[in-house]
Amino acid sequence: MNNINQTIVAPTTNISTQAISLIRISGDDSFNIINKLLKKRITETKNVWVRKLYDKNELIDEVVLTSFVAPASFTGEHVVEIACHGGILNTQKIINLIIKNGARMANKGEFSQRAFLNNKIDLIQAEGINDLIFAKNELALKIGVNNMTGVHNQSIINLKTNLLDIISRIQVSIDYPDYDDVEGSSVEDLTTALRLINNEVTALLKRSKMAIKNANGIKTAIVGKTNVGKSSLLNALLNEDKAIVTDIHGTTRDIVTGEINLENISLNLIDTAGIRKTNDVVENLGIEKSFKMIEDAELILFVVNKENLNDSENKEIFLKIKNKKFILIFNKSELISNEEKIQLINEYENIVFTSAINNDIEMLLNMIERLYFNEEIMNNDSLILINLEQISLVEQIKNKLEQALNAIIFGVPIDIINVDLHQAWEFLNQLIGEQYEEEIIDNIFKKYCLGK
Ligand SMILES: Nc1nc2c(ncn2[C@@H]2O[C@H](COP(=O)(O)OP(=O)(O)OP(=O)(O)O)[C@@H](O)[C@H]2O)c(=O)[nH]1
Ligand SMILES: [Mg+2]
């Protein structure tokens with residue numbers, strides 16, 4: 001990481017041909033640097049200014065400046081934001097001018113990193129910003145906004161307070177062993193208090209693990225016999241002619257992938273080669289891949305046609321997917337009568353009818369949303385984390401709490417239990433960013449966009 005005391009600059013919008021570009025400067029020298037480019041100076045106050053920018057005497061642009069005075073800014077430093085005329089050349093020219101006058105180019109995520117280091121936001125809020133920017137669906141967006149604004153962060157603070165309370169009770173019993181009536185330090189009291197914390201952490205972990213799947217995308221394989229309409233279904237779902245479709249059996253040889261974002265869930269779709277007995281070497285390699293995809297996928301879209309449901313290939317596929325989450329899709333459903341449909345619905349679970357050729361996939365989309373609907377995460381009124389590193393920290397907290405609980409139950413001396421609890425406490429601090437290693441923090445912010 002470059003020197004954190006230097007004033008930095010970066011475009012906060014893409015550098016492209018557009019009406020307005022936004023450039024942000026942050027650091028002690030923000031006002032000095034911008035004033036070098038103005039004939040009419042701006043003062044160190046929070047304000048909005050319309051000014052002409054000059055490189056010495058050459059007029060560069062007319063811009064709107066928004067200034068913030070430390071510590072009342074996003075980064076906690078002096079910040080000047082320049083709304084200049086969009087255009088690749090113009091934006092770059094202004095940035096270069098600012099660099100020439102004393103700033104350096106910001107690293108990715110450095111504005112947020114400074115906000116964190118200056119205690120303007122905690123780590124959960126910082127990660128929330130990133131979640132929001134990269135959100136693929138409404139659910140991820142809602143979680144990002146909540147976490148960025150910190151609305152649920154009180155729950156982590158409460159967990160910390162409660163855990164600290166237990167640790168101090170134990171400490172008192174260790175320091176004053178003869179004093180055995182310290183309130184709340186009996187084994188029963190400690191176990192009860194610890195269980196409450198552990199329950200909350202377990203619930204947070206469960207919610208988060210579910211939500212991260214919905215947010216990042218469920219690995220979804222479209223499988224079935226040849227010619228049932230798998231590739232047509234992929235194309236209908238993606239609303240794009242991505243995979244080749246013909247009436248020749250064995251059209252798809254290799255996997256074709258695509259992503260769709262529904263309201264509360266994203267799917268990473270994989271179209272596979274149709275399964276059949278064949279002597280074609282290439283096709284067989286494709287079919288091997290199809291079976292591998294069945295193993296790897298989290299959700300299987302098993303496509304059949306009414307007339308081939310009980311064929312040997314379908315029986316084989318059924319056997320392979322029976323312990324997995326799957327939806328049985330009767331494609332070419334415009335050829336199925338309503339009576340037949342009712343009969344099939346009575347016979348099978350998780351069944352839907354589609355007609356890929358007519359773009360009729362509504363029933364399938366509804367079924368997917370329903371399968372992954374979870375009241376708790378959709379309502380979003382408690383903290384949810386959708387970032388792998390954060391979830392892994394919560395997992396470690398849970399492990400430590402459980403170790404401590406088991407140890408208490410087995411009568412392990414209380415000072416040993418306190419070691420586990422201390423570690424759980426440290427992980428909690430890491431989660432919110434009150435305790436950190438510089439390298440880890442650098443890594444976290446590196447995945448942010450430039451200018452954020
Ligand atoms: N009538 C009807 N035909 C369809 C429908 N969906 C696909 N088809 C046709 O079925 C044929 C096979 O479609 P594909 O999408 O290539 O089938 P596939 O399952 O990917 O086939 P393979 O790649 O060979 O495994 C094409 O002629 C499609 O136009 C549908 O809903 N109704
Ligand atoms: Mg195909």
Side-chain angles (χ1 to χ4, degrees), residues 218-260 262 267-297 299-321 324-345 348 350-368:
I218 309 278
K219 195 167 185 188
T220 307
I222 308 177
V223 299
K225 275 170 65 93
T226 55
N227 218 47
V228 290
K230 299 179 297 302
S231 302
S232 307
L233 199 60
L234 175 86
N235 291 347
L237 287 164
L238 297 177
N239 204 9
E240 164 188 358
D241 274 338
K242 185 145 194 191
I244 298 171
V245 168
T246 73
D247 58 1
I248 302 165
H249 287 252
T251 298
T252 305
R253 300 296 183 92
D254 209 343
I255 53 175
V256 183
T257 59
E259 184 185 83
I260 53 164
L262 307 179
L267 299 183
N268 301 322
L269 291 166
I270 306 150
D271 178 28
T272 62
I275 290 165
R276 67 163 174 174
K277 295 274 167 295
T278 169
N279 293 324
D280 188 306
V281 178
V282 181
E283 194 179 343
N284 270 323
L285 288 173
I287 295 172
E288 258 175 52
K289 270 197 190 174
S290 304
F291 281 117
K292 172 92 182 32
M293 286 303 144
I294 291 182
E295 271 173 38
D296 291 354
L299 171 67
I300 311 275
L301 303 184
F302 179 23
V303 187
V304 298
N305 296 154
K306 163 191 86 171
E307 59 281 0
N308 60 34
L309 179 64
N310 291 312
D311 287 8
S312 60
E313 289 91 351
N314 277 343
K315 285 191 177 140
E316 188 182 355
I317 299 172
F318 254 128
L319 278 178
K320 290 240 154 55
I321 64 173
K324 307 203 71 149
K325 207 172 212 171
F326 73 90
I327 301 176
L328 179 59
I329 302 170
F330 280 81
N331 189 41
K332 309 194 183 180
S333 66
E334 80 280 4
L335 306 172
I336 310 177
S337 71
N338 282 342
E339 292 74 38
E340 284 174 307
K341 282 186 186 165
I342 293 170
Q343 210 177 339
L344 288 166
I345 288 175
Y348 298 98
N350 282 2
I351 156 177
V352 298
F353 299 99
T354 58
S355 175
I357 211 165
N358 297 317
N359 264 323
D360 177 6
I361 50 170
E362 203 54 35
M363 199 173 170
L364 172 61
L365 295 179
N366 290 340
M367 171 73 85
I368 294 169

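The figures that follow rest on heavy atoms only: side chains count, while hydrogens, waters and symmetry mates do not. First listed ligand is number 1; within each ligand, the first listed atom is number 1.
Nearest heavy atom pair, residue Asp254 against residue Lys289, reads OD1-NZ, 2.7 Å. Here the closest heavy-atom approach between residue Asn359 and residue Ala236 is recorded as OD1-CB, 3.4 Å.
Looking only at protein heavy atoms, the nearest one to atom 22 (P) of ligand 1 is Asn227 N, 3.6 Å. Among protein heavy atoms, the minimum distance from atom 6 (N) of ligand 1 is reached at Asn331 ND2, 3.1 Å. The nearest heavy-atom contact from the protein to atom 17 (O) of ligand 1 is Gly229 N, 3.1 Å. For atom 1 (N) of ligand 1, the closest heavy atom belonging to the protein is Glu334 OE2, 2.6 Å. Nearest protein neighbour of atom 28 (C) of ligand 1, counting heavy atoms only, is Val245 CG1, 3.7 Å. In terms of protein heavy-atom proximity, atom 4 (C) of ligand 1 is nearest to Lys332 CE, 3.6 Å. Remark: minimum distance from atom 15 (O) of ligand 1 to any protein heavy atom is reached at Ser232 OG, 2.5 Å. Protein heavy atom at the shortest distance from atom 31 (O) of ligand 1 is Ala356 N, 2.9 Å.
Between Ile329 and Phe302, the closest side-chain pair of non-hydrogen atoms is not below 4.5 Å. No side-chain heavy atom of Ile300 sits less than 4.5 Å from a side-chain heavy atom of Ile317. Side chains of Ile260 and Leu238 form a contact here, defined as non-hydrogen atoms less than 4.5 Å apart. In this structure, Leu301 and Leu237 have side chains that are in contact, with non-hydrogen atoms separated by less than 4.5 Å. Using a 4.5 Å heavy-atom cutoff, the side chains of Lys332 and Val228 are not in contact. Counting only heavy atoms from C-beta outward, the side chains of Lys325 and Ile218 never approach each other to under 4.5 Å. Looking at Thr257 and Asn268, their side chains never come closer than 4.5 Å, going by heavy atoms from C-beta outward.
If you number the atoms of ligand 1 from 1 as listed, the ones under 4.0 Å from a heavy atom of His249 come out as 24 (O). Residue-ligand proximity, Thr246 to ligand 1, at heavy-atom distances under 4.0 Å covers atoms 11 (C), 12 (C), 13 (O), 16 (O), 26 (C), 27 (O). Of all atoms in ligand 1, listed by their number and element, those nearer than 4.0 Å to a heavy atom of Ile248 are 24 (O). Taking every non-hydrogen atom of Gly274 and a distance limit under 4.0 Å, the qualifying atoms of ligand 1 come out as 25 (O). Residue-ligand proximity, Gly250 to ligand 1, at heavy-atom distances under 4.0 Å covers atoms 24 (O). Ligand 1 places these atoms under 4.0 Å from at least one heavy atom of Asp247: 27 (O). Of all the atoms in ligand 1, the ones that sit under 4.0 Å from a non-hydrogen atom of Lys230 are 15 (O), 17 (O), 18 (P), 19 (O), 20 (O), 21 (O), 22 (P), 25 (O).
Residue-to-ligand polar distances place Val228 within reach of ligand 1: an N/O pair is separated by less than 3.5 Å. For ligand 1, none of its N or O atoms has an N or O atom of Ser333 under 3.5 Å away. Residue Thr272 has no N or O atom closer than 3.5 Å to an N or O atom of ligand 1. At least one N or O atom of Ile357 sits closer than 3.5 Å to an N or O atom of ligand 1.
With a 6.0 Å cutoff to the six-membered ring centre and a 45° limit on the axis angle, Lys320 counts as a cation-pi contact of Phe291.
Arg253 and Asp280 are joined by a salt bridge, as a carboxylate oxygen and a charged side-chain nitrogen come within less than 4.0 angstrom of each other.
The Mg ion (ligand 2) does not have Thr251 among its coordinating residues (no N/O/S atom, backbone or side chain, under 2.8 Å). The Mg ion (ligand 2) lies at 2.8 Å or more from every N, O or S atom belonging to Asn227.
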Do Lys306 and Leu335 pass the side-chain contact (heavy atoms from CB on, under 4.5 Å) test, and can you show the C-alpha distance, the side-chain angles, and the key distance before you say yes or no?
-> CA-CA 9 Å; Lys306 163 191 86 171; Leu335 306 172; 5.5 Å; no
Return all side-chain donor-acceptor pairs below 3.5 angstrom for residues 351-358, not counting sequence neighbours, or 'none' if the list is empty.
unit_1	atom_1	unit_2	atom_2	d
Thr354	OG1	Asn331	OD1	3.0
Ser355	OG	Glu334	OE1	2.7
Ser355	OG	Asn358	ND2	2.9

